[in-house]
Amino acid sequence: MSDQYSPSELEKKWQKLWAESGIDKAQEESPLPKFYSLVMFPYPSGDLHMGHARVYTIADVISRFKRMQGFNVLNPMGFDAFGLPAENAAQDKGIHPGDWTEANMANMRRQLKSLGTSFDWTRELASCHKDYYRWTQFIFLKFYEKGLVYRKESPVNWCPACGTVLANEQVEDGYCWRHSEVLVEKKLLAQWFFKVTVYAEELLNDLELLKEWPEQVKTMQRNWIGRSEGAEIDFVFEGSPKKITVFTTRLDTIFGVSYLVLAPENELVAEITHPAQRRKVDEYRARSAALSDLDRTQQQGDKTGVFTGSYAINPYSGERVPVWIADYVLGNYGTGAVMGVPAHDERDFLFANKYHLPIKPVIAAKAGLGALPSEYLLQRIDPLNETHLRDCELILGQYFANLKSDYGVQASEIDQSLSEYAVNGNIFWILRRKDSQEILGSISLRPLDADRCELRRMFIAPSARGLGLARQLISFFDEQARGLGFKEVYLDSRVVLAPANALYQSCGFVPTERYNDNVAADVFYVKNLTIGAAYCDYGYTHSSGAFSGLSSSQAKQEMAAYAQQAGFGRLKIQYRLRDWLVSRQRYWGTPIPLVYDAEGKAKAVAYEELPVELPKNSEYKKLSECADWLSYTDPKTGEKLTRESDTMDTFVCSSWYFLRFADAQNQSEPFSAEALKRWLPVDQYVGGIEHAILHLLYARFFTKALRDVGLLDFSEPFTRLLSQGMVTMHSPKEGKVAKMSKSRGNVVAIDSFVAEHGADAARLFMLFAGPPSDEIEWSEDGARGQSRFLGRIWRLVSSEADKLQNIPAQEFASADLASLEEGEAELIRAVHKTIRAVSHDLQADRYAFNTAIARLFELLNILTRQELVCQASVKLFALKNFLQLLAPFAPHLTQECWGLVGLEGFVHQSAWPSFDPECVVDENFELVLQINGKKVDAISCSKSASSEELERLALSNAKICARLGANPTKKVIIVPGRLVNVVF
RNA sequence: GCCUCGGUGGCGGAAUCGGUAGACGCUGCGGACUUAAAAUCCGUUUUCCGCGAGGAAGUGGGGGUUCAAGUCCCCCCCGAGGUACCA
């Protein structure tokens with residue numbers, strides 16, 4: 001036996017013995033409860049490095065722990081083996097993608113084994129093998145029959161470098177996920193889709209059931225599904241029966257609509273464009289069609305658009321609003337048309353400002369502001385209309401009479417005001433009661449220059465005072481002034497009589513310099529009419545006809561009910577989630593099992609014709625270029641057909657592999673009902689956060705869809721999910737700490753590290769460096785620390801092994817403590833405490849591998865203490881339990897030591913230790929003494945001491961007394977088993 | 001912008017319920033063994049003041065609740081991830 005711990009031979013030896021004995025195989029017939037532990041299967045890209053190793057280590061610890069706990073564990077492994085890198089490598093190196101993939105799988109299988117993982121390799125699968133993709137095709141056809149698959153011509157993301165269509169998910173900030181420097185283009189193609197959106201509601205709601213998933217992942221999925229509640233409203237075109245339907249979540253703002261916008265690609269555009277605008281509109285459409293997604297998102301803030309020349313009618317207000325097209329509206333979300341409410345939407349605001357469209361506020365933060373009740377009517381005076389003028393005189397007469405009697409205004413001033421009013425250009429409104437036509441007040445506007453105007457006269461008739469009409473008139477005035485293009489409105493002191501001062505100020509007028517030297521007045525007020533920003537919060541409606549004065553939520557409800565009743569609108573729930581585009585124009589993927597007849601009509605390949613195998617051309621091409629393969633004769637009818645040349649997105653392959661693992665050898669169906677019943681759902685799924693949305697959402701969709709085609713009977717595939725953090729390391733290329741990856745040049749190869757330090761050291765370091773869901777930074781020093789730990793164990797066992805050879809293994813618990821030396825009793829207690837702590841840390845709701853290992857360090861520190869003297873049987877007991885607790889983390893070394901101390905069989909087949917509750921409580925504890933909550937002293941104290949005794953101990957303590965001095969104690973807080981706090 | 005998670009020594013990180021902040025490891029420093037080095041072992045390592053006994057401060061910042069706050073509440077700052085003209 002060597003004194004030096006040399007892992008490489010030792011690890012190889014046990015890996016071989018484990019494989020031969022089949023201890024990692026899941027048992028089909030077993031009285032034990034099942035545990036399905038799954039780690040996301042890898043893409044066989046070549047060499048594994050430590051960045052990959054972490055996830056397998058975590059899953060392996062869980063699997064080994066569960067086996068020792070008495071579970072029948074299924075811990076399978078396979079390869080997600082279709083995909084582009086194989087084709088790229090084939091192009092670069094001139095090898096067939098299949099050969100490249102097989103070679104990589106062999107290498108990775110070897111590397112995974114070298115890490116000491118306990119996978120059940122008898123169930124290995126690879127998605128590129130025909131006995132797997134045959135069943136992918138089978139499931140595709142089941143979905144096809146069920147109506148979950150459809151073909152649609154649609155603009156797709158096209159990567160010129162890949163030469164294929166990408167899913168939305170494979171586009172990152174407008175660039176291809178595989179080629180970070182290649183911009184994704186738009187192309188129109190007929191593509192196959194899965195109807196994921198049918199399941200949008202269920203995919204969202206069932207997240208509630210996933211109690212053991214990280215909140216973060218669920219939130220990401222929720223956002224991705226993107227449910228929003230709103231309404232669809234039909235606007236009829238002016239002079240045409242055609243309708244345009246908009247989707248809005250802010251129906252409460254509909255009286256603020258000042259235009260409609262269609263997405264440039266909206267089908268209606270061609271029909272409704274006015275001939276005079278056609279050229280401009282066509283140009284704009286052509287330009288935006290050519291824009292990539294990136295360009296489109298990059299011009300955020302700079303909104304562009306073109307007027308179509310048509311108008312539509314707001315069904316609520318009857319107003320006619322211009323219809324525009326603009327590329328800030330997306331064609332594939334909602335109805336591809338929106339209503340523009342610049343006062344209450346940021347994008348609409350920017351757009352309206354740019355194109356000088358009216359901005360009409362209809363929501364205010366406070367209730368009642370600016371709302372003119374519907375029983376009143378505002379009438380603009382036409383100076384050429386006799387009746388109007390008479391009404392004016394009437395109200396002005398009342399106004400001036402009032403001034404005279406109330407404020408003693410001179411008759412000459414009145415005359416002057418009347419003549420001023422007669423000057424052309426002033427605008428005058430009269431407020432009436434709708435039913436009786438009674439005149440209640442008036443307001444007038446005088447332009448000062450292009451940007452400024454003056455609120456000239458506002459008068460409320462005595463009979464209408466106290467009705468709160470003043471604010472509403474001012475708000476009406478603001479709106480009109482803004483509509484006329486004024487940016488500021490002034491008041492002078494002759495208008496603002498003392499009692500109205502507060503009113504004007506509360507409406508936003510502020511004291512200012514005089515604006516006109518000809519006016520002799522002391523106080524001036526000015527109000528800025530320019531809206532600086534859209535008000536996007538909820539509030540209270542005003543200027544909204546019969547719906548004024550409601551809270552936003554009330555308004556939404558009542559407006560929707562009205563639309564529903566009147567038949568021009570309805571409530572609508574909209575999802576951001578789109579259907580899944582599964583077509584790929586490549587070679588190295590699962591062929592879509594469909595054929596086309598002479599008319600181009602698609603139909604399914606018969607089930608007994610599956611698999612539709614990839615052509616075995618030595619020099620692979622895109623399927624669309626394989627002429628021989630494409631032509632297909634129906635074996636039954638002899639009909640000449642053409643095969644579909646698209647392959648499936650590889651995410652399809654990975655959406656059901658966890659089901660196949662339950663029954664990997666089945667040649668007659670994808671999986672048997674019995675096998676699923678035995679193993680599914682997956683109890684613990686471990687994988688990277690990068691799959692939080694796509695893979696997990698698709699796998700959930702597949703499970704639900706397979707349930708609905710009758711192939712399984714549960715709804716959620718993964719009971720518990722653990723998203724492990726990535727492994728980082730300083731990257732010399734980037735000059736910072738970054739994710740470990742070949743392209744960044746910051747990888748630690750598995751092969752070289754394992755050869756030098758062993759798999760156990762690598763495993764321990766990755767588990768100890770931090771909690772599994774956190775990111776960890778690879779550190780050579782840290783890994784060396786774990787090596788040192790393993791070496792200490794090795795030396796301890798080496799030095800003790802001889803003495804322990806013929807000692808029978810014996811358990812020690814509380815009953816034995818009395819008969820043993822103090823040091824021995826302490827060791828036994830420590831063992832039991834460690835069992836408790838490590839077991840607790842390994843529980844699924846914690847998975848605190850780092851603290852579990854820390855506890856094992858502590859136990860080893862006790863075991864190697866120089867002054868520790870104890871009999872062999874006690875030492876053997878301690879070592880045995882220590883090795884068992886460490887076994888899931890460091891499988892090889894513990895296995896070797898297990899034999900060295902004379903224990904039989906495999907440590908991994910031994911039962912997980914249990915602790916004696918009596919052994920984990922100490923007789924004494926450290927009593928903390930506090931003064932006013934601050935620690936002053938700590939004394940050893942018996943656990944059985946009563947509260948009274950604790951208080952006495954505290955109050956007689958020298959340090960407490962010294963601090964207390966002559967102060968009388970106000971209160972003494974006693975927390976039994978912990979502390980005494982003396983308050984003064 | 002929005003959503004989510006974080007912020008604790010020189011570093012990675014501990015701290016079930018509000019109850020001794022800094023477990024465990026790394027690094028550094030000092031020592032032992034050695035002709036020497038490596039390996040190993042022992043001690044030490046939050047900061048400041050003090051020769052010392054000891055004292056004070058301290059979990060991103062500011063307030064609050066409490067006998068007691070890293071932990072609970074309010075406001076703010078910073079970082080990471082996700083997402084984004086989604087109407």
Side-chain angles (χ1 to χ4, degrees), chain A residues 3-4 173 214-224 226-228 230 246-250 253 261 263 296-303 326-330 332-341 344-348 350-351 536 574-578 689-690 692-693 723 725-726 764-765 768-771 773-786 788-789 791-792 795 837 840 845-846 848 850-858 860-861 864 866 925-938 970-975 977-984:
Chain A
D3 225 31
Q4 192 63 42
D173 287 337
E215 220 32 70
Q216 187 197 6
V217 173
K218 288 194 276 186
T219 305
M220 282 162 74
Q221 293 217 351
R222 251 177 229 123
N223 293 341
W224 191 261
R227 181 183 196 272
S228 61
V246 303
F247 173 73
T248 179
T249 55
R250 288 302 301 274
T253 66
V261 201
R296 211 162 142 161
T297 47
Q298 268 187 348
Q299 63 186 18
Q300 238 185 80
D302 182 31
K303 309 261 177 288
D327 65 5
Y328 82 87
V329 175
L330 305 175
N332 53 1
Y333 180 76
T335 58
V338 303
M339 56 191 214
V341 186
H344 303 296
D345 182 278
E346 233 162 276
R347 293 153 304 177
D348 297 344
L350 288 170
F351 191 76
C536 303
Q574 187 68 47
Y575 295 94
R576 204 188 77 116
L577 183 71
R578 315 279 159 81
I689 189 75
E690 67 272 20
I693 298 171
S723 296
M726 61 190 181
L764 276 175
F765 171 73
F768 187 68
S773 53
D774 284 11
E775 189 175 282
I776 59 169
E777 189 184 340
W778 179 267
S779 124
E780 213 58 42
D781 283 338
R784 210 177 304 128
Q786 304 308 313
R788 196 176 298 160
F789 172 58
R792 285 173 65 201
R795 280 188 301 279
H840 180 241
D845 56 351
R846 267 180 75 80
N850 53 337
T851 53
I853 293 168
R855 296 292 86 80
L856 289 163
F857 263 106
E858 283 174 318
L860 183 69
N861 287 344
T864 54
Q866 276 174 344
F925 73 100
E926 202 162 71
L927 179 71
V928 170
L929 304 178
Q930 295 181 332
I931 291 271
N932 292 340
K934 285 199 62 138
K935 182 185 168 190
V936 169
D937 203 1
K970 256 197 215 139
K971 210 196 281 192
V972 180
I973 309 273
I974 297 154
V975 185
R978 277 198 189 275
L979 56 79
V980 177
N981 184 13
V982 182
V983 184
F984 72 84

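We name chains A, B, ... by the order of the sequence lines, and we start the count at 1 in each one.
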Q: Look at the side-chain N and O atoms of A:R347 and state whether any lies under 4.0 Å from the OP1 or OP2 oxygen of B:C86.
A: yes
Q) Is there a side-chain contact between A:Q786 and A:F857 (heavy atoms, below 4.5 Å)? A) yes
Q. Of the options A:N981, A:L979, A:D937, which is the one that meets A:V928 in a side chain to side chain contact (heavy atoms under 4.5 Å, CB included)?
A. A:L979
Q: Starting at CD of A:Q574, measure out to CZ of A:F247 and round the result to the nearest 0.5 Å.
A: 5.0 Å
Q.
Could you check whether any side-chain heavy atom of A:V341 comes within less than 4.5 Å of a side-chain heavy atom of A:R250, counting everything from C-beta outward?
A. no
Q.
Rounding to an integer number of Å, can you tell me how far A:I693 CD1 sits from B:A84 C1'?
A. 12 Å
Q | Under 3.5 Å on both distances, the Watson-Crick or G-U partner of B:A32 | A | B:U40
**Q.** Close side-chain approach of A:V217 to A:I689, heavy-atom, < 4.5 Å
**A.** yes
Q) Roughly how many Å is it from NZ in A:K218 to P in B:C5, rounded to a whole number? A) 12 Å
Q: Determine whether A:R347 and A:L350 make a side-chain contact, defined as any pair of heavy atoms from C-beta on separated by less than 4.5 Å.
A: no
Show the distances under 3.5 angstrom between N or O atoms of the protein and N or O atoms of nucleotides 54-59 of chain B.
residue, atom, partner, partner atom, Å
B:A57, OP2, A:K934, NZ, 3.0

Q. B:C51 pairs with which nucleotide, Watson-Crick or G-U wobble, both distances below 3.5 Å?
A. none
Q. Rounded to whole angstrom units, what separation is found between the CD atom of A:E346 and the C1' atom of B:A84?
A. 12 Å
Q: Find the distance A:L350:CG to B:A87:C1' and express it as a whole number of Å.
A: 14 Å
Q: List the protein contact pattern of nucleotides 18-29 of chain B with one symbol per nucleotide (5' to 3'): B for base contact, S for sugar-phosphate-only contact, - for none; contact means a heavy-atom distance under 4.0 Å.
A: -BB--BBSSS--
Q. Quick one: the side chain of A:K970 and the base of B:C67, do they pair up donor-acceptor inside 3.5 Å?
A. no
Q: With syn defined as a glycosidic angle within 90° of 0 and anti as everything else, classify B:G9.
A: syn
Q: Please state how far atom CE in A:M220 lies from atom P in B:A84, giving the value in whole angstrom units.
A: 11 Å
Q.
So, taking the atom named CZ in A:F351 and the one named CG in A:D345, what distance separates them when rounded to the nearest 0.5 Å?
A. 12.0 Å
Q | G-U wobble or Watson-Crick pairing nucleotide for B:G6 (cut-off 3.5 Å, both distances) | A | B:C78
Q.
Taking only side-chain N and O atoms of A:R846, does any of them lie within less than 4.0 angstrom of OP1 or OP2 on B:A15?
A. yes
Q) Are the aromatic rings of A:F789 and A:F768 close, with centres under 6.0 Å apart? A) no
Q. Do the side-chain N or O atoms of A:S228 get closer than 4.0 angstrom to the phosphate oxygens (OP1, OP2) of B:A87?
A. yes
(Q) Do A:R978 and A:F925 have side chains that approach each other closer than 4.5 Å (heavy atoms only, starting at C-beta)? (A) no
Q: In whole angstrom, give me the gap between the C1' atoms of B:G55 and B:G6.
A: 35 Å
(Q) Can you see if the side chain of A:Y333 gets near the phosphate of B:A87 - specifically, an N or O under 4.0 Å from OP1 or OP2? (A) yes
Q. Quick one: are A:Q221 and A:K218 in side-chain contact, heavy atoms under 4.5 Å?
A. no
Q. For A:P771, which contact category applies under a 4.0 Å heavy-atom criterion: base, sugar-phosphate, or nothing?
A. sugar-phosphate
Q: Could you state the atom-to-atom distance from CZ of A:F765 to C1' of B:C11 in whole Å?
A: 11 Å
